**Q** 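The following block contains the structure, expressed as structure tokens.
For the single chain, residues carry numbers from 1 onward in sequence order. Given the structure is predicted, the values throughout are model-derived calculations rather than measurements.
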Amino acid sequence: MATVEIPQNMELVYDYPQSLTEVDTHYCPGCTHGTIHRLVAEVLDELGVQDRTIGIAPVGCSVLAYKYFATDFAEAAHGRAPAMATGLKRVNPDAVVFTYQGDGDLAAIGTAEIVHAANRGELITTVFVNNAIYGMTGGQMAPTTLPDQVTTSSPTGRDVKTAGYPIRMAELIGGLPGAVYVTRQAVFDVRGIRRTKRAIKTAFRAQLEGLGFAMVEVLSTCNTNWGMSPQEALEWAKEHMVDYFPLGDTKVSDSVRALTEE
């Protein structure tokens, strides 16, 4: 990373995270994946665990996540990141292992994997990015697509009578005994970004303390496939996504609560 020289009369208050690489992004302009990447990297820096962290990249828009984190990384088959994370953590118990998954990866083909990893209480951390659409493959309806939301595979809007209702993954995972911390946050504004970072840090601390499985669902945008400008997408998400996917903690175990009150 390039060294930034600070004049003697100035104090450095914000810097590029050590846990991020300085490479050009493949994400669309306005995509909030970059924001979430930075939050994860900042947390890894602050916890001092960069050198023993292993991330799992899924199949989806974040399939190239390994390019952006200056940590060890593995690539999992579609939906299988929790299974790979389980194996890596069990054979490397001192490692800090996290999965970074989208809604198509985690809530569709990988539903069984995430449910059973959480139910077993695996000592891993999951960052689940929910943008209510299949981003990488052209904007088709996802398990999290909102009722009446238009996608390339639901051009007249999602009909819940035939397609079912969007899955609220945080509520589903929060009901499992092995999960100790499950929350849903958003990165639509500065306040939400700050809350999301605190949540991600708590999720990693739960792993470091050996408390159990932790997941942070992050509501995100996909302005390209939504057919909106970045600003329009942020406003649309605030107006529509949060109503169906309410923000806040779904599950905070007593052990995690004690951790955050220290």
Side-chain angles (χ1 to χ4, degrees), residues 1-6 11-27 31-76 80-102 105-106 117 122-129 180-183 185 187 193-218 220 256 259-260 262:
M1 187 179 72
T3 301
V4 179
E5 294 188 6
I6 307 300
E11 178 185 0
L12 180 65
V13 296
Y14 205 54
D15 200 4
Y16 200 91
Q18 294 286 337
S19 295
L20 277 187
T21 58
E22 292 194 53
V23 298
D24 293 337
T25 179
H26 77 284
Y27 296 119
C31 176
T32 41
H33 269 301
T35 300
I36 304 168
H37 280 17
R38 178 171 184 119
L39 297 182
V40 173
E42 288 180 354
V43 166
L44 297 179
D45 285 0
E46 292 170 12
L47 294 175
V49 296
Q50 176 191 3
D51 61 345
R52 59 188 179 107
T53 294
I54 305 172
I56 314 296
V59 173
C61 284
S62 53
V63 68
L64 300 178
Y66 56 82
K67 292 179 59 177
Y68 308 125
F69 288 97
T71 67
D72 286 333
F73 239 88
E75 182 73 47
R80 311 307 182 224
M84 178 175 281
T86 295
L88 286 169
K89 181 67 176 184
R90 290 191 179 190
V91 300
N92 298 280
D94 293 330
V96 178
V97 181
F98 77 98
T99 69
Y100 185 100
Q101 301 176 256
D105 184 78
L106 180 144
E122 298 293 345
L123 295 177
I124 61 176
T125 301
T126 290
V127 178
F128 165 44
V129 182
V180 296
Y181 180 62
V182 182
T183 188
Q185 302 296 331
V187 288
I193 289 170
R194 288 175 175 170
R195 287 181 171 178
T196 300
K197 180 179 176 180
R198 286 197 296 270
I200 292 172
K201 193 167 190 177
T202 297
F204 274 103
R205 291 186 67 197
Q207 178 180 169
L208 291 170
E209 295 295 327
L211 303 180
F213 177 86
M215 185 181 84
V216 180
E217 177 177 344
V218 185
S220 184
V256 172
L259 187 68
T260 59
E262 292 178 355

**Q** Please check if the side chain of Y181 supplies one atom and the backbone of G212 the other of a donor-acceptor pair under 3.5 Å.
**A** no

**Q** If I compare all heavy atoms of Q50 with all of A70, which pair ends up nearest, and what's the gap?
**A** NE2-O, 2.9 Å

**Q** Classify the ring geometry between Y27 and H33 as parallel (under 30°), tilted (30 to 60°) or perpendicular (over 60°).
**A** parallel

**Q** Answer yes or no: is there a side-chain heavy-atom contact under 4.5 Å between V97 and Q207?
**A** yes

**Q** Considering all heavy atoms of both residues, which atom of I124 and which atom of P82 are nearest to each other, and what is their separation?
**A** CD1-O, 4.2 Å

**Q** Output, in order, the C-alpha distance, side-chain angles, deciding distance and verdict of side-chain contact (heavy atoms from CB on, under 4.5 Å) for V127 and L39.
**A** CA-CA 11 Å; V127 178; L39 297 182; over 6 Å; no

**Q** Please determine whether side-chain contact (heavy atoms from CB on, under 4.5 Å) holds for the pair Y68 and H26, giving the CA-CA distance in whole Å, both sets of side-chain angles, and the decisive distance to 0.1 Å.
**A** CA-CA 10 Å; Y68 308 125; H26 77 284; 2.5 Å; yes

**Q** Would F69 and F98 satisfy ring pair (Phe, Tyr, Trp, His ring centres under 6.0 Å), going step by step from the backbone distance to the final call?
**A** CA-CA 12 Å; F69 288 97; F98 77 98; 5.7 Å; yes

**Q** Side chains of S220 and T32: is there a donor and an acceptor less than 3.5 Å apart?
**A** yes

**Q** Please identify which of these residues, T99, T126, V129, meets the side-chain contact (heavy atoms from CB on, under 4.5 Å) condition with L106.
**A** T126

**Q** Kindly give the heavy-atom pair with the smallest separation between A214 and A206, and that separation in Å.
**A** CB-CB, 4.3 Å

**Q** Say you draw a straight line from CG of L20 to CZ of R38; how long is it, rounded to the nearest 0.5 Å?
**A** 7.0 Å

**Q** Would you confirm whether R195, through its side chain, and Q185, through its main-chain N or O, come within 3.5 Å as a donor-acceptor pair?
**A** no

**Q** The test is side-chain contact (heavy atoms from CB on, under 4.5 Å); show your working for T196 and I36 and say whether it passes.
**A** CA-CA 8 Å; T196 300; I36 304 168; 5.7 Å; no

**Q** Applying the side-chain hydrogen bond (donor to acceptor under 3.5 Å, both in side chains) test to E42, which of H37, Q18, K197 qualifies?
**A** K197

**Q** Where do I54 and A95 come nearest, in terms of heavy atoms and distance?
**A** CD1-CB, 4.0 Å

**Q** With rounding to the nearest 0.5 Å, note down the distance linking OG1 in T86 to CZ in R80.
**A** 13.0 Å

**Q** From E46 CD over to I200 CD1, what is the distance, rounded to the nearest 0.5 angstrom?
**A** 11.0 Å

**Q** Shortest non-hydrogen contact from L88 to A74?
**A** CD1-CB, 4.3 Å

**Q** Is the count of non-hydrogen atoms from other residues, nucleotides or ligands lying under 6.0 Å from R194 atom CZ greater than 12?
**A** no

**Q** So, using ring pair (Phe, Tyr, Trp, His ring centres under 6.0 Å) as the criterion, who are the partners of Y66 when residues are at least two apart?
**A** none

**Q** Does the pair T202 and V256 meet the rule for a side-chain contact (heavy atoms from CB on, under 4.5 Å), with working shown?
**A** CA-CA 8 Å; T202 297; V256 172; 3.7 Å; yes

**Q** Which pair of heavy atoms, one from I56 and one from A85, lies closest together, and at what distance?
**A** CG1-CB, 4.0 Å

**Q** In terms of side-chain geometry, is the basic nitrogen of K89 or E122 positioned less than 4.0 Å from the acidic oxygen of its partner?
**A** no

**Q** Working to the nearest 0.5 angstrom, can you tell me the gap between L123 CG and R90 CZ?
**A** 9.0 Å

